[in-house]
There are 2 protein chains.
Amino acid sequence: MRQLRRPAGRPPQPLLSSARITSAALKLIGRSGYRGLTMAALAKSLNVATSALYNHVNSKQDVLLLVEDHLMGRVDVSAFSNQPWETAVSMWAHSYRQVFASHLPLIPVIALLPVTDAPRTITMYEAVTQGFLTAGWPAERIIDAIVALESFIYGSAYDVNAPTNIFDAGTQVPHSPNFSAAVARRGNLAGANNADAAFDMGLKALIQGLAAGVSAEMGAATAGLH
Amino acid sequence: MRQLRRPAGRPPQPLLSSARITSAALKLIGRSGYRGLTMAALAKSLNVATSALYNHVNSKQDVLLLVEDHLMGRVDVSAFSNQPWETAVSMWAHSYRQVFASHLPLIPVIALLPVTDAPRTITMYEAVTQGFLTAGWPAERIIDAIVALESFIYGSAYDVNAPTNIFDAGTQVPHSPNFSAAVARRGNLAGANNADAAFDMGLKALIQGLAAGVSAEMGAATAGLH
DNA sequence: TTCACTAAATGAATGACGTTCATTTAGAAT
DNA sequence: ATTCTAAATGAACGTCATTCATTTAGTGAA
């Protein structure tokens with residue numbers, strides 16, 4: 001079945017928009033991964049010439065930013081409004097990691113690009129900040145704590161995609177006896193994925209450590225120490 | 001000054017080797033960053049045809065793996081042999097982050113590729129594992145703890161390269177009052193880089209939390225609880 | 001209404017880049 | 001000696017992102 005060829009020139013109704021591009025990009029990523037996300041394939045899936053995309057985005061990076069911000073809307077921050085701080089942070093972090101574990105190429109985008117053009121991302125941060133404030137965190141410390149948690153989440157998202165044999169030392173096993181033994185013993189405990197176990201362990205430690213750190217500081221402040 | 005053109009055919013002395021390629025790649029990265037690291041530029045810096053590289057590596061990924069493993073040798077693990085566990089982990093983590101903060105494109109390589117062909121990486125893990133064992137960590141938990149720490153380190157390496165205005169909400173400031181206020185207050189405290197503050201805060205928390213978690217578990221085990 | 005301007009499409013062209021292949025030459029192994 | 005393999009050259013390929021001239025349609029000002 002051949003398609004009618006659309007003539008050149010502005011169409012009566014616009015064929016493209018940021019929203020349409022974002023949606024098509026997400027479908028394409030779902031179907032063929034980030035390797036399949038090319039400007040040509042994206043245009044084709046929208047039944048449009050490749051160059052038409054550049055009337056709506058300045059670069060492929062822009063497309064990635066659109067996708068990133070859309071996905072940020074899927075990160076669940078609801079726990080910050082009805083759960084204690086520790087629980088809320090844990091639920092948020094789990095959701096955050098889950099959303100981006102299948103979108104690793106976005107991590108450099110999130111981590112390095114200003115949030116200015118990412119409204120949903122800003123909304124997410126606002127909810128998280130509110131949760132921290134409600135829990136009594138001093139404003140001065142909140143961003144650093146969020147950044148620390150996010151750093152852990154990004155790294156953990158990579159780890160979700162690590163192959164199971166990533167720590168296989170191969171021929172070097174004799175030269176790394178302690179390490180290789182530890183690798184062999186890993187996961188000898190009940191169930192669950194290795195990546196999940198490491199994430200849960202680290203997240204619990206981080207949350208507990210952050211809480212301890214900030215409460216110590218506040219205690220000191222209250223006591224007038226500095 | 002024109003170069004003599006080398007004729008085709010195997011030269012009496014090999015012009016290339018893994019070591020030479022690694023060294024040239026590192027120099028090139030230092031001079032022009034990862035954007036400048038192309039197979040063509042790499043070959044040119046070695047005064048060799050591009051295709052000659054493929055007699056020694058199978059792909060550009062291979063080059064990245066060579067560089068990665070070389071850099072792993074720069075990560076300082078010495079503290080594990082003469083410092084208490086908390087100090088050693090902290091020093092190792094700082095060194096690890098510093099080494100890779102200027103090599104972000106390697107992070108997916110480290111995080112996702114088996115260590116099998118990375119001998120220095122294995123050596124690093126062996127030293128870290130020994131440090132954990134000496135501190136009394138149960139073998140079953142060590143790899144998960146290392147993975148958790150590494151995840152945090154990778155994410156923090158990205159953060160080192162984040163622009164200072166990354167959290168600038170721009171026109172959306174009115175819609176994110178708490179977040180924007182927290183961003184404004186960040187770094188109101190003495191000196192230091194924002195990224196460094198977040199890293200120190202998170203690392204301290206993580207180390208403390210991991211220590212607390214494992215000692216609780218060991219205490220329970222000692223007491224015969226399970 | 002007309003006219004200039006801008007928005008949004010097409011399709012051709014460009015320029016990087018990674019990678020492959022036929023070919024050549026030299027060392028190594030039988 | 002002869003054969004096999006290692007290691008080089010240079011040409012060619014295919015994939016991409018991006019740009020540009022061109023076309024057409026809506027929009028706002030005179």
Side-chain angles (χ1 to χ4, degrees), chain A residues 2-25 28-29 31-68 105-106 108-109 112-113, chain B residues 2-25 28-29 31-68 105-106 108-109 112-113:
Chain A
R2 50 172 46 251
Q3 290 290 34
L4 284 248
R5 197 168 297 290
R6 198 183 1 257
R10 180 178 183 174
Q13 295 291 339
L15 301 170
L16 295 179
S17 67
S18 289
R20 262 187 257 258
I21 291 172
T22 307
S23 156
L28 192 51
I29 291 161
R31 219 177 322 119
S32 36
Y34 279 85
R35 288 222 24 228
L37 180 64
T38 68
M39 295 303 270
L42 183 54
K44 189 166 199 178
S45 81
L46 286 158
N47 190 29
V48 135
T50 306
S51 51
L53 294 169
Y54 288 87
N55 290 317
H56 300 264
V57 297
N58 293 316
S59 63
K60 187 178 178 181
Q61 274 266 342
D62 268 17
V63 175
L64 294 180
L65 185 57
L66 287 174
V67 173
E68 184 251 291
L106 296 183
V109 177
L112 299 176
L113 253 55
Chain B
R2 49 171 48 251
Q3 290 289 34
L4 285 247
R5 197 167 297 291
R6 194 178 11 251
R10 179 178 186 175
Q13 294 292 339
L15 301 170
L16 295 179
S17 66
S18 289
R20 261 189 258 259
I21 291 172
T22 307
S23 157
L28 192 51
I29 291 161
R31 217 177 325 119
S32 37
Y34 279 85
R35 289 222 22 228
L37 179 65
T38 67
M39 295 302 272
L42 183 55
K44 188 166 200 179
S45 81
L46 286 158
N47 191 30
V48 136
T50 306
S51 52
L53 294 170
Y54 288 87
N55 290 317
H56 300 264
V57 296
N58 292 316
S59 64
K60 188 179 177 180
Q61 274 268 340
D62 268 19
V63 175
L64 294 180
L65 185 57
L66 287 173
V67 173
E68 183 251 291
L106 296 182
V109 176
L112 299 176
L113 253 55

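The sequence lines fix the lettering, A, B, ..., with proteins before strands; numbering per chain opens at 1. The basis for the numbers below is simple: all heavy atoms, side chains too, and nothing from hydrogens, waters or symmetry mates.
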Can you give one letter per nucleotide of nucleotides 11-22 of chain D, 5' to 3': B if a protein heavy atom sits under 4.0 Å from the base, S if only from the sugar-phosphate, - if neither? -----SSBBB--
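- The backbone N or O of A:Ala19 sits nowhere less than 3.5 Å from a side-chain atom of A:Ser23 that would complete a donor-acceptor pair.
- Side-chain contact check for A:Leu65 versus A:Val57: every heavy-atom pair is 4.5 Å or farther apart.
- For the pair B:Asn47 CG and D:dA7 C1', the computed distance is 15 Å after rounding to whole Å.
- In the region residues 10-24 of chain B, proximity to DNA chain C at under 4.0 angstrom, judged on heavy atoms, holds for B:Arg10, B:Pro12.
- With contacts defined as side-chain heavy-atom distances shorter than 4.5 Å, the pair B:Val48/B:Leu16 qualifies.
- Taking atom CG of B:Leu53 as the reference point, atom C1' of D:dA8 lies 11 Å away to the nearest angstrom.
- With values rounded to the nearest 0.5 angstrom, B:Asn58 atom CG is found 12.0 Å from B:Leu53 atom CG.
- Taking atom NZ of residue A:Lys44 and atom C1' of nucleotide C:dG11, one finds them 15 Å apart after rounding to whole Å.
- For the pair A:Arg6 and C:dA9, the criterion of a side-chain N or O lying under 4.0 Å from OP1 or OP2 is not met.
- For the pair B:Leu46 and B:Leu15, the minimum side-chain heavy-atom distance is 4.5 Å or more.
- Comparing the helix axis at one end of the helix from C:dT1-D:dA30 to C:dT30-D:dA1 with that at the other, each defined from 5 consecutive pairs, gives an inter-axis angle of 10° (nearest 10°).
- The two residues A:Ala25 and A:Val67 make their nearest non-hydrogen contact at CB-CG2, 3.8 Å.
- Here the closest heavy-atom approach between residue B:Ser59 and residue B:Tyr54 is recorded as CA-CE2, 4.2 Å.
- Taking only distance into account, the side chain of B:Asn55 meets the base of D:dA8 through a donor-acceptor pair shorter than 3.5 Å.
- Atom CG in B:Leu46 sits about 15 Å away from atom P in D:dA7, given to the nearest Å.
- Phosphate contact (OP1/OP2 of D:dA8, side-chain N/O of B:His56, threshold under 4.0 Å): present.
- At least one side-chain heavy atom of B:Leu113 sits less than 4.5 Å from a side-chain heavy atom of B:Gln61.
- Looking at every heavy atom in both residues, B:Lys60 comes nearest to B:Thr38 through NZ-CA, 4.4 Å.
- Using a 4.5 Å heavy-atom threshold, the side chains of A:Ser45 and A:Leu42 count as touching.
- Inter-residue side-chain proximity for B:Asn47 and B:Arg6 is flagged as met; some heavy-atom pair is nearer than 4.5 Å.
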